[in-house]
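I have placed the structure first, in the form of structure tokens, so that the comments after it can refer back to it.
Everything numeric here is computed off the predicted structure, so don't read it as measured data.
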Amino acid sequence: MVDSRPASPEEQPQDLWSSILDSVSTSRSTPSKQILVLGQPSTGKTSLAAALLQKASTDEVKEDQRLDFALGYDWADVRDDADEDTLARLSVYTVPSAASSYTALLPHFLPPRNSIPHTVVMIVLDWTKPWLFLEELHMWLSWVEQWVQGDSARELVIAREENRERLQAHLQHYTEPSSDPDPAAASTLSNTLLPLGPGTFTHNIGGVPIAVVCTKADLIDEGNDVIGAGASGMGGMVKGKGGEWEERTDGIMQILRTVCLKYGAGLFYTTPLPHTLQVLRQYALHMLFMPPAPSPAMAGSEAPAPTRNPFPFLHKPNTLDRDRIVIPSGWDSWGKISVLRDGFDAKAWGEAWERDLEQTENEPAEEPGAKKMFASLPPPLPPFNNPTPEQVFLAKNYDENARRTDRDPRGAFKNPVETSAAGIVGPMGSSSFNLPNVEKALTDMESGFSMSSSTNLGASVNGDPSRKASGRSAGRPAGNLTVPGPGGVPGRSPVASPTLSTTPSPTSGQTQHEVLQNFFQSLLSSKDRPGASTSVRTSGSGPPKPGSGDATDEGS
């Protein structure tokens, strides 16, 4: 028997309460906004993310404690001017580099179907490496177009078209902020639809707001001669001088503005100063809360009032201050770009950019593209300068100096003419200090010793007090060592002075040390010989007086 009773009455209230809760959570939920920061390593993405989220510097993690993940993420609540209501939850995604292993993760976190209307893309370029600007810009803009393309589902196509119409309406209704605005004039200008100029918004199929941010702009006109030379030793680009360098940097800015114009993107230069980062944050919020495109007015009906943006961008464009450039999307044009420097052809650079986009990887280019033209700017950008590391340079010169004996600093204290080798206790020859010659000093001491010995011995034999006194005084060597040589003493065979040559003598074959040893040995052995007193008495100055004894008798 089939049960004809109705289903349980609890099922209907369950579905009813679920729908009520979903509607309440949807109406009271906080909208989510995203900022996608793209850039190569060490371009300042971390500082930008902290400024966008208004994170205090004390909350930042130190470099040695920071963990490198595959994708950086942080968030903060965005409040209104009165700081009462939370308008949105702002999420910032940071990509470490352009490697495919990192960029392939983004579609999983930011699916284009739901993220396109609520995302702002920031492409970060580093002013310490300006020769890479166009190459990196081409790489990141191509990736954004590929990301927006997605799986080409119908819902995604509709989202792209609506978002592109919204950005186009923003570009057409852009008005430069005024210090004293006229409400009537402002309302008239806001309802005026201006056509887009040549080369404006020709790309960016998804209508994603893009901001090209050139960081470290305070190093453009720094006093150093090289940009990017630091402790890392990676070198940099050699700066020009004076107006030549300014003309080159202005030309780079004109090229960047031409490319940004094609994508409806803004261009900003930032420095570590909080003011430039705050301006960038206000622009990002202004583009995130950009109202949708106004619906076309029906015939005979009034145009609907435009939706108010809770974060208006009130900063005027700035193209003169080289470290704080502010060019919002919707303001620039080919005419304004050409005014900065004469001779710049925005149309030619736009066509060159198109050739780079259309060129395949292996197809040879008939005409040079923008990247090749950028590398040959007049004056041409110098090649990458990679100096030798400091330790390698010092090690190389140390080895060269170690092999060269003439580079010994101690050689300055030596006589370059002197070739004698050092003895046991030091050099025995003359030096550059003009010290007395050892050989001459020993000769003089020997002469004084011989004379004093003969005088003392003769005085003691003769017993003459005057001779004793003279003998004692003569026994003391003179201070200046200037005494007659041994040949001037009669009746005494001179003792040979030692020869101070380190090489063997050609006649005797004795070395310097052997000569010195024989010399001192002869002095010692002369006192021990039995006929020493006789030889000394014979060499006296006259015969002894009668009645006087010898030295022994006198002593007794």
Check: Would you find a donor on one side and an acceptor on the other, under 3.5 Å apart, between the side chain of Asp218 and the backbone of Thr271?
Finding: no
Item checked: By ring pair (Phe, Tyr, Trp, His ring centres under 6.0 Å) - contacts of Tyr283 (at least two apart) -> Phe268, Phe313
Check: Which pairs with one or both residues in residues 273-295 pass salt bridge (Lys or Arg N to Asp or Glu O under 4.0 Å), sequence neighbours excluded?
Finding: none
Check: What residues form a side chain to side chain donor-acceptor pair (under 3.5 Å) with Thr215, not counting sequence neighbours?
Finding: none
Next item on the list: For residues Tyr263 and Asn204, report the shortest heavy-atom separation together with the two atoms involved.
Entry: O-ND2, 3.2 Å
Check: Between His203 and Glu145, do the side chains contain an N or O donor and an N or O acceptor separated by less than 3.5 Å?
Finding: no
Checklist line | Side-chain donor/acceptor of Thr249 to backbone N/O of Glu246, under 3.5 Å | finding: yes
Check: For Phe344, is the NZ or CZ atom of Arg257 found under 6.0 angstrom from the centre of its six-membered ring and inside 45 degrees of the ring axis?
Finding: no
Note to self: Among residues at least two apart in sequence or on other chains, which ones pass ring pair (Phe, Tyr, Trp, His ring centres under 6.0 Å) with His286?
What the structure shows: His170
Check: Do Gln278 and Thr276 have side-chain N/O donor and acceptor atoms under 3.5 Å apart?
Finding: no
Note to self: Working note: Gln34 + Ser32, criterion side-chain hydrogen bond (donor to acceptor under 3.5 Å, both in side chains); need CA distance, chi angles, decisive distance, verdict.
What the structure shows: CA-CA 7 Å; Gln34 296 85 224; Ser32 178; 2.9 Å; yes
Margin query: Under the rule for side chain to side chain donor-acceptor pair (under 3.5 Å), what residues qualify as partners of Lys336, not counting sequence neighbours?
Written below: none
Notebook entry, point to check: On the ring face of Phe289, is Lys33 found with NZ or CZ under 6.0 Å from the centre and within 45° of the axis?
Noted result: yes
Next item on the list: Apply ring pair (Phe, Tyr, Trp, His ring centres under 6.0 Å) to Tyr73 and list each qualifying residue two or more places apart in sequence or on a separate chain.
Entry: Tyr93
Item checked: side chain to side chain contact (heavy atoms under 4.5 Å, CB included) evaluation trace for Val121 with Val37 -> CA-CA 6 Å; Val121 176; Val37 182; over 6 Å; no
